[in-house]
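The structure appears below as structure tokens.
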Amino acid sequence: MAIPMRNKKKIRGWKRKIRQIEQWKMRHIDLDIGQLGCNGRVTVVVAFRESLNYYDHVFHESNDQKAFPVQQFGAVPGLQKWKWDHVIETADYCLSELQEDVKLGVRTAKEVESIKYRSYKTSTVKFSYGEDTVYHVKIRDVWLGESSKRCKSAGI
């Protein structure tokens, strides 16, 4: 029985590319990833060059002056070398969407009042349909770190 024709085209250089990626990671990532993984609840965000600007719009500046919690990470080498900025992650709720959720039965009026009470900041935003009030509720503290080396940043 004849074997049907196969695509015998080889992918050349893939092992070299994998080695190049591993070498790049070794040069640019100083954090002990194994130790960070053992902590289980640590999120590390690494950005290259201008990519970190995306995170300027994701997190809000914190009014609290908190120091980076080095003690939570044990003996992870190199954390003290980073410049850490304390920011917060928020959940944002539009008043019109909250009111619609109450009408649809997705939320209760008590839940909406709880969101309004827990919000640390409110703002007015212009949409195509008009202005709306946005309630910003704090979810958690986040620390954005910037290395003294050029083109390295991370968020924990």
Side-chain angles (χ1 to χ4, degrees), residues 14 17-18 20-156:
W14 64 272
K17 288 291 184 189
I18 290 174
Q20 288 174 345
I21 291 169
E22 290 301 319
Q23 290 170 356
W24 180 88
K25 288 190 329 189
M26 295 303 290
R27 284 193 311 267
H28 294 286
I29 300 176
D30 290 334
L31 294 175
D32 184 356
I33 301 300
Q35 177 66 29
L36 292 174
C38 290
N39 291 335
R41 53 190 192 106
V42 175
T43 303
V44 177
V45 179
V46 178
F48 185 68
R49 293 193 179 139
E50 308 303 321
S51 300
L52 190 62
N53 291 339
Y54 168 77
Y55 293 102
D56 291 343
H57 306 290
V58 173
F59 304 113
H60 295 257
E61 289 185 23
S62 176
N63 295 333
D64 301 333
Q65 297 296 326
K66 291 185 179 180
F68 180 72
V70 177
Q71 67 279 2
Q72 286 184 349
F73 301 101
V76 177
L79 285 180
Q80 293 81 8
K81 297 177 185 176
W82 292 61
K83 176 185 168 270
W84 296 101
D85 293 327
H86 179 232
V87 294
I88 56 175
E89 182 179 3
T90 63
D92 302 330
Y93 300 94
C94 292
L95 179 60
S96 62
E97 291 176 1
L98 292 173
Q99 291 170 341
E100 185 176 335
D101 287 349
V102 171
K103 287 179 187 175
L104 295 173
V106 178
R107 297 184 195 274
T108 64
K110 191 173 185 178
E111 290 174 329
V112 172
E113 288 303 316
S114 173
I115 289 171
K116 289 179 181 180
Y117 177 76
R118 289 183 295 137
S119 67
Y120 78 97
K121 175 179 151 184
T122 59
S123 59
T124 303
V125 179
K126 292 184 181 182
F127 292 109
S128 59
Y129 58 84
E131 290 186 351
D132 202 353
T133 302
V134 178
Y135 296 95
H136 305 279
V137 178
K138 178 181 173 180
I139 296 176
R140 65 182 176 134
D141 294 315
V142 177
W143 281 266
L144 294 178
E146 185 174 343
S147 173
S148 58
K149 292 183 180 180
R150 188 174 174 210
C151 298
K152 286 187 63 183
S153 295
I156 293 182

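Atom set for the values below is all heavy atoms of this structure, side chains included, hydrogens, waters and symmetry mates excluded. Just so we're clear, the structure is a prediction, and the values are computed from it rather than from any experiment.
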What pairs with Val106 under side-chain contact (heavy atoms from CB on, under 4.5 Å), at least two apart in sequence or on another chain?
Asp101, Leu104
Min side-chain heavy-atom separation Glu61-Asp85 under 4.5 Å:
no
Residue pair Ser96 / Phe127, side-chain heavy-atom distance below 4.5 Å:
no
Charged N-O contact under 4.0 Å between Lys103 and Glu100
no
Residues passing the side-chain contact (heavy atoms from CB on, under 4.5 Å) test with Lys121, sequence neighbours excluded, are His60, His136
Contacts of type side-chain contact (heavy atoms from CB on, under 4.5 Å), residue Thr108, not counting sequence neighbours:
Lys110, Glu111
Counting C-beta onward and ignoring hydrogens, is there a side-chain heavy-atom pair between Val134 and Cys94 closer than 4.5 Å?
yes
Apply side chain to side chain contact (heavy atoms under 4.5 Å, CB included) to Lys116 and Leu95, showing your working.
CA-CA 9 Å; Lys116 289 179 181 180; Leu95 179 60; 3.7 Å; yes
Asp132 vs Val125 side-chain heavy atoms within contact, under 4.5 Å
no
Should Thr90 and Tyr120 count as side-chain neighbours, where that means a heavy-atom distance under 4.5 Å?
yes
Hey, what do you get for CD1 (Ile115) to CG (Asp92), rounding to the nearest 0.5 Å?
11.5 Å
Of Ile88, Val87, Val142, the one forming a side chain to side chain contact (heavy atoms under 4.5 Å, CB included) with Ser62 is Ile88
Provide the closest heavy-atom pair for Leu98 versus Tyr135 in the form atom of the first, atom of the second, distance.
CD1-CD1, 4.3 Å
